[in-house]
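Below is one structure, written out as structure tokens; the observations come after it.
The model shown is predicted, which means the values in this text are computed figures rather than measured ones.
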Amino acid sequence: MALTGRAALIAALGSLPVGIWEPGWTGVLAVNAPLAVACACDFALAAPVRHLGLTRSGDTSVRLGDSADVTLTITNPSRRPLRARIRDAWPPSSWQPGTETAASRHRLLVPPGERRRITTHLRPTRRGDRRADRVTIRSYGPLGLFARQGTHDVPWSVRVLPPFTSRKHLPSKLARLRELDGRTSVLTRGEGTEFDSLREYVPGDDTRSIDWRATARQSAVAVRTWRPERDRHILLVLDTGRTSAGRVGDIPRLDASMDAALLLAALASRAGDRVDLLAYDRRLRALVQGRTAGDVLPSLVNAMVTLEPELVETDARGLTATALRTAPRRSLIVLLTTLDAAPVEEGLLPVLPQLTQRHTVLLASVADPHVAHMAKARGNADAVYEAAAAAQAHSERDRTAEQLRRHGVTVVDATPDELAPALADAYLALKTAGRL
């Protein structure tokens, strides 16, 4: 088979041996002088890497699951062309598994005095800040036999935000909110809501809403319309203790709770309510207070970026005391935590009266859909045992939820895909009933 290019050159030079003296030896070693000369020339003709100019530009934030592009500009100030292989190093979680090699390595040719750009495509798999590591450049000579190598620190950071996949439910929840607010033909009346206006009676209206004084002054029956009270205070409490680290499907429970909290915050801010956030396990992890309606969602997202589950038991007393300090007036406190029997019975239930005597409390918990799948298993002994274990788990969660309800707590227990809309519905139901 005929050899071409670099292989042919090496084969040709490899047939010409020459002797050189090696220190410490009493003889002469036979080496390939032409090949050594070619390597030396190739090394000398390779563009230096130390004085290259490197700058970055591109995306600085991305939602988890989306792609970010970071551009690296390489300027070659030397008189020799830069023939390079480049590795743009980032943390392993910056890419999907198995794609790092293809995404981080580039080939480049930069003529003397010019510059070129390469783009690294990131697809992070975890929330948080992803910071660029070193850029390693290997500069080859024209023969490709020898190379210079060096590294450069080119700082850049990409903030990976929570995905907020539940935002697809926001239009339907806002439509329901407009119905409650009296901006559509469907009007509701709830205890403690605010009087809005009068209109003519239509079949189906609640007769308790008829304004008899106004009816006496006109020829048609007049009814009062009501709108939910505004400017209520909602405190979202994220439990970041050990139970939030459990994975349900492909994500930790904490991430599913964050997604539900973001949908509720978006809905409540549109309803004119004030939303704060508290993240706690054994100490305060994040606190967002006093944000305007237009700023509350970005503030919550940025506060959640760096939150990670802590492998410690949540201090329920400390959490309760911090929540009471954060919400000194009557509020809706939304606890995004677990329904597991032990943490609730030993930690939350003893201190729950301190919250319920002053505030309306809503507890939302992430259920594991695999347990429901196990409950349907049949066909062999293993499947029956799985179904029995699932039934026992369901029974324990139901018993725990019933204990909380007896203390006046509204409980939402749903799978990750259903938790966010279920929590939003529970909020709207409380608003309709005038309990906020």
Min side-chain heavy-atom separation [X]-[Y] under 4.5 Å:
| X | Y | answer |
| --- | --- | --- |
| Q403 | V344 | no |
| L332 | Y427 | yes |
| P81 | P112 | yes |
| S257 | V366 | yes |
| R270 | K173 | no |
| D368 | M374 | no |
| P416 | P369 | yes |
| S269 | L297 | no |

Any donor and acceptor pair, going by atom type alone, linking the side chain of [X] with main-chain N or O of [Y] inside 3.5 Å?
| X | Y | answer |
| --- | --- | --- |
| S365 | L339 | yes |
| W95 | H121 | yes |
| S395 | A391 | no |
| D276 | G290 | yes |
| N76 | V110 | yes |
| N302 | P298 | yes |
| R291 | Q289 | yes |
| R123 | G65 | yes |
| H359 | A323 | no |
| D273 | R232 | yes |

Which heavy atom in [X] sits nearest to a heavy atom in [Y], and how many Å separate them?
| X | Y | result |
| --- | --- | --- |
| H152 | L52 | CE1-O, 3.7 Å |
| L319 | T314 | CD1-CG2, 4.1 Å |
| H169 | D417 | NE2-O, 4.4 Å |
| L236 | A261 | CD1-O, 3.6 Å |
| R148 | A47 | CD-O, 3.6 Å |
| M304 | R127 | O-NH1, 2.8 Å |

Practice task
Please identify each residue that fulfils side chain to side chain contact (heavy atoms under 4.5 Å, CB included) with T322, with sequence neighbours left out.
Solution key: L278, Y280, L284, R325, T326
Exercise for the section: With sequence neighbours left out, write down each residue that passes side chain to side chain contact (heavy atoms under 4.5 Å, CB included) with R115, or none if nothing qualifies. Expected result: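 Scan of R115 (side chain to side chain contact (heavy atoms under 4.5 Å, CB included), adjacent residues dropped) gives T73, T75, R117.
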Would you give the length of the straight line joining atom [atom1] of [X] to atom [atom2] of [Y], rounded to the nearest 0.5 angstrom?
| X | Y | atom1 | atom2 | value |
| --- | --- | --- | --- | --- |
| L122 | W156 | CG | CH2 | 11.5 Å |
| L355 | T360 | CG | OG1 | 11.0 Å |
| L72 | T55 | CG | OG1 | 7.0 Å |
| R116 | H106 | CZ | NE2 | 16.0 Å |
| L348 | L404 | CG | CG | 6.0 Å |
| L324 | L235 | CG | CG | 9.5 Å |

Fill in the blank from the handout: Residue pairs passing the salt bridge (Lys or Arg N to Asp or Glu O under 4.0 Å) test with at least one member in residues 128-137, sequence neighbours excluded, are D129-R131, D129-R159
Practice task
Provide the full list of salt bridge (Lys or Arg N to Asp or Glu O under 4.0 Å) pairs with a residue in residues 85-98, sequence neighbours left out, each pair given once.
Solution key: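 Non-adjacent pairs meeting salt bridge (Lys or Arg N to Asp or Glu O under 4.0 Å): R56-D88, R87-E100.
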Handout entry: NZ/NE/NH1/NH2 to OD/OE distance under 4.0 Å, R167 and D259
Key = no
Kindly write out the residues that satisfy side-chain hydrogen bond (donor to acceptor under 3.5 Å, both in side chains) with [X], not counting sequence neighbours, or none if the list is empty.
| X | result |
| --- | --- |
| S331 | H233 |
| R274 | D231 |
| R247 | none |
| S139 | none |

Exercise for the section: Check whether more than 12 heavy atoms from other residues, nucleotides or ligands sit under 6.0 Å from atom CZ of R285, and answer yes or no. Expected result: yes
Exercise for the section: Step through the shown structure and confirm whether more than 12 heavy atoms of other residues, nucleotides or ligands are within 6.0 Å of CD on Q96. Expected result: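 For Q96, atom CD is crowded (more than 12 foreign heavy atoms under 6.0 Å).
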Problem - From CA spacing to verdict: side chain to side chain contact (heavy atoms under 4.5 Å, CB included), R282, E310 - result: CA-CA 9 Å; R282 286 192 171 275; E310 298 293 330; over 6 Å; no
Could you tell me which residues satisfy salt bridge (charged side-chain N to carboxylate O under 4.0 Å, His left out) with [X], sequence neighbours excluded, listed by chain and number?
| X | result |
| --- | --- |
| D413 | R397 |
| R317 | none |
| D239 | none |
| E396 | none |

Handout entry: Working for side chain to side chain contact (heavy atoms under 4.5 Å, CB included), residues Q149 and T136
Key = CA-CA 7 Å; Q149 181 169 306; T136 302; 3.9 Å; yes
Handout entry: Sole residue of L277, L300, L170 in side-chain contact (heavy atoms from CB on, under 4.5 Å) with L262
Key =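 Exactly one candidate clears the test, L300.
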Practice task
Output, in order, the C-alpha distance, side-chain angles, deciding distance and verdict of side chain to side chain contact (heavy atoms under 4.5 Å, CB included) for L362 and L423.
Solution key: CA-CA 9 Å; L362 192 162; L423 180 58; 3.2 Å; yes
Handout entry: Check against side chain to side chain contact (heavy atoms under 4.5 Å, CB included), V409 and L335
Key = CA-CA 10 Å; V409 178; L335 293 174; over 6 Å; no
